[in-house]
There are 2 protein chains.
Amino acid sequence: MDTADGVRIAAPHRELLDQILDKWSLSVLNELCERPCRFNELRRAVPQVTQKSLTATLRRLERNGVIEREVVSTRPVAVRYRITPLGKTLRPPVDVLLAWASRNMPAVERAREVFDGGEEAGA
Amino acid sequence: MDTADGVRIAAPHRELLDQILDKWSLSVLNELCERPCRFNELRRAVPQVTQKSLTATLRRLERNGVIEREVVSTRPVAVRYRITPLGKTLRPPVDVLLAWASRNMPAVERAREVFDGGEEAGA
DNA sequence: CCGTATCCAACTTGATACTG
DNA sequence: CAGTATCAAGTTGGATACGG
């Protein structure tokens with residue numbers, strides 16, 4: 001009774017969080033919360049992501065039901081991605097987490113310096 | 001102003017979350033929130049983790065200041081890991097996230113079935 | 001424009017063995 | 001008990017080229 005789902009971290013929950021909080025998902029979700037986007041708009045919005053990784057990220061998010069993919073059969077094809085209602089419910093938890101990271105980053109960085117400093121003394 | 005830290009997901013924040021929410025960290029943190037643990041106690045508590053991965057996880061968490069490592073120089077050596085005050089502050093955000101996962105897992109699973117079903121139709 | 005396919009390098013992971 | 005070292009194997013990620 002220490003976490004929301006009981007004593008253990010259920011594996012499916014961890015897997016889900018992995019798929020939704022992975023390297024590019026937060027940025028993509030963040031963009032799509034603002035407005036629906038085309039594929040290349042997302043590429044521009046997240047310049048470091050490659051085509052391949054962006055495609056993989058979008059598929060994963062779509063599969064988990066947090067974004068939607070709409071194909072507009074023009075010439076050439078247009079594809080519009082948008083956040084789903086389920087995806088929107090993700091925002092408060094994520095914001096809480098980012099707020100934690102933001103607030104505690106200085107403490108974490110101090111801890112890292114201490115740790116790294118202590119290591120080099122031992123070497 | 002859409003997330004706690006502004007328009008973009010700052011890379012250092014993502015990196016930090018990666019280190020703290022990774023494959024084994026949640027389970028380890030969960031155990032250490034209950035009580036301080038020895039190395040092998042943790043192994044038993046998280047049976048799937050290998051020695052190597054557990055060591056890596058513990059070092060990473062220690063470096064980020066969320067757990068502490070205390071060496072009790074007996075024979076043979078004993079090592080006690082415990083959560084730090086900083087580590088404790090991690091629990092509410094994590095619980096919010098796990099609560100989200102718990103609540104929305106059914107919706108996610110439905111979405112996956114739809115997605116996977118739609119794929120096989122196209123093949 | 002929106003992808004998929006392929007190749008390849010890099011990082012991660014597990015299994016196993018060994019040390020203080 | 002609490003690790004470190006080593007090696008094999010699987011997975012990820014980028015670069016590039018091509019297809020609908």
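The chains referred to below are lettered A, B, ... by the order of the sequence lines, with proteins before strands, and numbering in each begins at 1.
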Exercise for the section: May I ask you to say what A:Arg69 touches in the nucleic acid, namely base, sugar-phosphate or nothing, with a heavy-atom cut-off under 4.0 Å? Expected result: sugar-phosphate
Practice task
Select base, sugar-phosphate, or nothing to describe what A:Arg75 touches, counting heavy atoms under 4.0 Å on all strands.
Solution key: nothing
Problem - Heavy-atom contact window of chain B on DNA chain D, given 5' to 3' at under 4.0 Å - result: D:dC1 to D:dC7
With [X], which residues qualify under side chain to side chain contact (heavy atoms under 4.5 Å, CB included), at least two apart?
X: B:Ala107; result: A:Leu86, B:Arg110
X: B:Pro12; result: A:Met105, B:Ala10
X: B:Arg69; result: B:Arg59, B:Glu62, B:Val71, B:Val79, B:Tyr81

Please name all residues satisfying side-chain hydrogen bond (donor to acceptor under 3.5 Å, both in side chains) with [X], sequence neighbours left out, ordered by chain then number.
X: B:Thr50; result: B:Ser53
X: A:Trp100; result: B:Thr89
X: B:Asn104; result: none

Exercise for the section: Hey, could you give me the CG/OG distance between B:Leu97 and B:Ser102, rounded to the nearest 0.5 Å? Expected result: 11.5 Å
Problem - Whole angstrom value for the distance that separates C1' of C:dC2 from CZ of A:Arg43 - result: 10 Å
Practice task
Let me know the distance between CG of A:Asp18 and P of C:dT12, rounded to the nearest Å.
Solution key: 14 Å
Exercise for the section: Do nucleotides 13-20 of chain C as a string where each nucleotide becomes B, S or -: B if the base has a protein heavy atom under 4.0 Å, S if just the sugar-phosphate does, - if no protein is that close. Expected result: BBB-B---
In a table with atom names and distances, give each donor-acceptor pair under 3.5 Å that connects a side chain of residues 36-43 of chain A to protein atoms at least two apart or in another chain.
{"unit_1": "A:Glu41", "atom_1": "OE1", "unit_2": "A:Arg38", "atom_2": "N", "d": "2.7"}

Handout entry: Inter-axis angle, terminal five-pair segments of the helix from C:dC1-D:dG20 to C:dG20-D:dC1 [nearest 10°]
Key = 40°
Fill in the blank from the handout: For A:Arg112, the salt bridge (Lys or Arg N to Asp or Glu O under 4.0 Å) test, sequence neighbours excluded, returns B:Glu15
Fill in the blank from the handout: Residues pairing under salt bridge (charged side-chain N to carboxylate O under 4.0 Å, His left out) where one sits in residues 72-89 of chain B, two or more places apart or in two chains, turn out to be B:Glu70-B:Arg82
